[in-house]
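Nothing here was measured: the structure is a model prediction, and the numbers come from that model. Throughout, a chain's letter reflects where its sequence line sits, starting with A, and its residues are numbered from 1.
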Protein chains: 2
Amino acid sequence: MSSKLNEHDPRVRRTRQLIEQSFDNLLAEKNFDSITVQDVTEKAQINRATFYAHFEDKYALLDHSIRQKFRQEIESRVLNACHYTPENLRMLILTVCEFQVKLNTSCTQSQKQFAPLVEKQIKGQVYELLLVWLRKMDIPTSAEMPATAATWAIYGLASYWSASKNRPALEAYVDKALPLVAVNLNPLAPAAV
Amino acid sequence: MSSKLNEHDPRVRRTRQLIEQSFDNLLAEKNFDSITVQDVTEKAQINRATFYAHFEDKYALLDHSIRQKFRQEIESRVLNACHYTPENLRMLILTVCEFQVKLNTSCTQSQKQFAPLVEKQIKGQVYELLLVWLRKMDIPTSAEMPATAATWAIYGLASYWSASKNRPALEAYVDKALPLVAVNLNPLAPAAV
DNA sequence: AAACAATCGTTGTTTATCCAACAAATGTTG
DNA sequence: CAACATTTGTTGGATAAACAACGATTGTTT
């Protein structure tokens, strides 16, 4: 770990990418517990010491990987996710819902142990995004509390939906969820969504 | 260029690979003359100075690229190219013939200017390979002259074939060419092939 | 339990790459 | 032709990655 690496250095980007994709490939073969740091570095063709310059250990890599995947999921759907629009909020909720489902279906049984990790990362990402949105709106109150409330609301609604026996259509569900969340982001016009 | 880079260093292998494949991709887009070193390094996401640590200029890269392609062509056909067998010699002749044809057909007009370069690289590769073969045979005479004769014979026969108006079937042609070349590699039993 | 092997996390040193800057050569435009 | 822009090789200094080695855990075998 030592001092921080320069994120803009091409070398750093390269090795990080190599580590990430090697890890992804390994996860498709084995379960997480049986993956060693050596496995990752061998497949990535990088030195083992270099790994530790980027990640504290393989758990930090897992964290980062989950975070990355969710972020990509958002960015693939939203043109400019950096400011609030009702449409962006829709997409955010929708993304969280689908991410939940994907975990329940496409992932192997053995990977469900990471549910709490995933929850933490998703909430973190959502919270950060909502903070950005709120701070760009000129509101008198602080942004932290509305962001927290909205984050938990979104995650809770998504969990509820993904766990439902026979889920309603996603689009329709999100339409109903939207005003419940937006109310925290529109303090000036709470009912008009 | 400075001092030589360590060929076994993973970093060296990586950047060389990046340069090579960026160059290949660019050649598919533009013609060689309009490709700059900057183009290559930008596409490869490496620093321009690093390029010059690997190649003297873009012409050296072209040389290397041709050499590489021909070598791959051989290695894709021959299991163990490191010693002489009649079958390996067959494959070598065959490879040179097909390489010639490929240049005359699939390549754009503008790339035919490199014919002499290609000739030099092919002959170089063939010669090196024949030298290895000859030196593993316990023959009293030196290996250089037989290797030279065979190299030119192979290249000449391949050129002749690829330039023919209506080419005979490659397999049949190679069968006839084989003894003409093998005679230089079998000094002890020249007629028995 | 003891012996053994594999993995871990760290360290000091060497090497490759990055980066910014430069003069020189080349290409382009008016 | 002259002014200008682009590309070319090269340089010195900073930083990331490679490498080998190490003690410390951890896991396995007997």
Side-chain angles (χ1 to χ4, degrees), chain A residues 1-27 29-65 68 110 113-114 117, chain B residues 1-65 68 110-111 113-114 117:
Chain A
M1 28 188 166
S2 64
S3 57
K4 304 161 197 168
L5 301 178
N6 175 7
E7 298 287 337
H8 300 298
D9 191 318
R11 294 171 289 184
V12 174
R13 292 177 178 275
R14 243 177 274 146
T15 63
R16 193 154 286 171
Q17 193 178 339
L18 286 171
I19 292 175
E20 287 166 8
Q21 69 190 29
S22 299
F23 182 61
D24 284 351
N25 292 339
L26 282 171
L27 269 182
E29 301 171 11
K30 322 177 181 185
N31 64 326
F32 177 75
D33 295 317
S34 62
I35 297 176
T36 72
V37 174
Q38 287 194 8
D39 291 336
V40 177
T41 58
E42 277 174 18
K43 178 158 284 198
Q45 306 246 60
I46 63 158
N47 195 277
R48 198 163 55 86
T50 304
F51 175 92
Y52 291 103
H54 288 261
F55 299 98
E56 188 165 356
D57 51 29
K58 72 175 187 174
Y59 301 97
L61 173 57
L62 178 63
D63 250 47
H64 174 82
S65 176
Q68 200 74 358
S110 63
Q113 47 175 314
F114 308 123
L117 262 186
Chain B
M1 28 190 161
S2 65
S3 57
K4 304 161 197 168
L5 301 178
N6 175 7
E7 298 286 338
H8 300 298
D9 191 317
R11 293 172 290 184
V12 175
R13 293 177 179 273
R14 241 178 273 146
T15 64
R16 193 154 286 171
Q17 193 178 340
L18 286 172
I19 292 175
E20 287 167 8
Q21 69 190 29
S22 299
F23 182 61
D24 285 350
N25 292 339
L26 282 171
L27 268 183
E29 301 172 10
K30 321 177 182 186
N31 63 328
F32 176 75
D33 297 316
S34 62
I35 296 177
T36 72
V37 174
Q38 287 194 10
D39 291 335
V40 176
T41 57
E42 277 173 17
K43 178 158 284 198
Q45 304 245 62
I46 63 157
N47 195 276
R48 198 164 55 85
T50 304
F51 174 92
Y52 291 103
H54 288 260
F55 299 98
E56 188 165 356
D57 50 30
K58 72 175 185 173
Y59 301 96
L61 173 56
L62 177 62
D63 251 47
H64 174 83
S65 177
Q68 200 74 0
S110 62
Q111 287 174 328
Q113 48 176 312
F114 307 123
L117 262 184

(request) Could you tell me whether the side chain of B:R11 has a donor or acceptor atom within less than 3.5 Å of a complementary atom in the base of C:dT17? (result)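 Such a pair does not exist between side chain and base.
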
Rounded to whole Å, please give me the gap between [atom1] in [X] and [atom2] in [N].
X     : N      : atom1 : atom2 : result
A:I19 : D:dA17 : CD1   : C1'   : 11 Å
B:L5  : C:dT14 : CG    : P     : 18 Å
A:L61 : C:dT7  : CG    : C1'   : 16 Å
B:L18 : C:dA16 : CG    : P     : 17 Å
A:D9  : C:dA20 : CG    : C1'   : 14 Å
B:Y59 : D:dT7  : OH    : C1'   : 12 Å
B:E56 : D:dT8  : CD    : P     : 14 Å
B:Q38 : D:dT10 : CD    : P     : 15 Å

Please list, chain by chain and in numerical order, all residues satisfying side chain to side chain contact (heavy atoms under 4.5 Å, CB included) with [X], sequence neighbours excluded.
X     : value
A:Q17 : A:Q21
B:E29 : B:L26, B:K43
B:A60 : B:F55, B:E56, B:D57
B:R48 : B:V37, B:Q38, B:T41, B:Y52

(message) Applying a 4.0 Å non-hydrogen cut-off, can you work out what B:R14 is touching in the nucleic acid: base, sugar-phosphate, or nothing?
(response)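 Counting heavy atoms under 4.0 Å across all strands, the contact made by B:R14 is with sugar-phosphate only.
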
(request) Give the nucleotide from the list C:dC8, C:dC18, D:dA18 with an atom nearest to the side chain of A:Y52. (result)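 Out of C:dC8, C:dC18, D:dA18, the nucleotide with an atom closest to A:Y52's side chain is C:dC8.
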
(request) Return the nearest nucleotide to the side chain of A:V37; candidates are C:dT17, D:dA16, C:dG9. (result)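 Among the listed nucleotides, the one closest to the side chain of A:V37 is C:dG9.
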
(message) Closest-nucleotide mapping onto DNA chain C: is A:D57 or B:V12 further toward the 5' terminus? I mean the 5' end.
(response)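 Closer to the 5' end of DNA chain C: A:D57.
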
(request) Tell me which of B:R16 and A:I35 sits closer to the 5' end of DNA chain C, going by the nucleotide each one is nearest to. (result)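 Its nearest nucleotide being more 5', the pick is A:I35.
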
(request) With sequence neighbours left out, write down each residue that passes salt bridge (Lys or Arg N to Asp or Glu O under 4.0 Å) with A:K58, or none if nothing qualifies. (result)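 Checked A:K58 against salt bridge (Lys or Arg N to Asp or Glu O under 4.0 Å); zero matches.
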
(request) With sequence neighbours left out, write down each residue that passes salt bridge (Lys or Arg N to Asp or Glu O under 4.0 Å) with A:R11, or none if nothing qualifies. (result)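 Salt bridge (Lys or Arg N to Asp or Glu O under 4.0 Å) check on A:R11 returns A:D9.
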
(request) Taking ring-ring contact (aromatic ring centres under 6.0 Å, His included) as the test, write out the residues that go with B:F23, two or more places apart. (result)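 Expected list: none.
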
(request) Scan side-chain atoms only and decide if A:N31 and A:S34 contain a donor-acceptor pair under the 3.5 Å cut-off. (result)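 Looking only at side-chain atoms, A:S34 and A:N31 do form a donor-acceptor pair, the distance falling under 3.5 Å.
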
(message) Quick check on D:dA16: is either OP1 or OP2 less than 4.0 Å from any side-chain nitrogen or oxygen of A:H54?
(response)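 Looking at the OP1 and OP2 atoms of D:dA16, neither is under 4.0 Å from any side-chain N or O of A:H54.
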
(request) Report yes if a side-chain nitrogen or oxygen of A:H8 is closer than 4.0 Å to either non-bridging phosphate oxygen (OP1 or OP2) of C:dC19; otherwise report no. (result)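 For A:H8, the contact criterion (side-chain N or O under 4.0 Å from OP1 or OP2 of C:dC19) is not met.
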
(request) Could you run through nucleotides 20-29 of chain D and give me one letter per nucleotide, 5' to 3': B if any protein heavy atom sits under 4.0 Å from the base, S if only the sugar-phosphate is that close, - if neither? (result) -B--------

(request) For the residue pair B:F32 and B:Y59, establish whether any side-chain heavy-atom pair is separated by less than 4.5 Å. (result)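 Yes; the side chains approach each other to less than 4.5 Å.
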
(message) Could you walk me through whether A:E7 and A:R16 satisfy the side chain to side chain contact (heavy atoms under 4.5 Å, CB included) test, starting with their C-alpha distance in whole Å, then the side-chain angles of each, then the deciding distance to 0.1 Å, before giving a yes or no?
(response) CA-CA 10 Å; A:E7 298 287 337; A:R16 193 154 286 171; 3.0 Å; yes

(request) Describe, as an angle rounded to 10 degrees, how the axis at the first end of the helix from C:dA1-D:dT30 to C:dG30-D:dC1 is tilted relative to the axis at the last end, five pairs per end. (result)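 The helix from C:dA1-D:dT30 to C:dG30-D:dC1 shows an end-to-end axis angle of 50°.
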
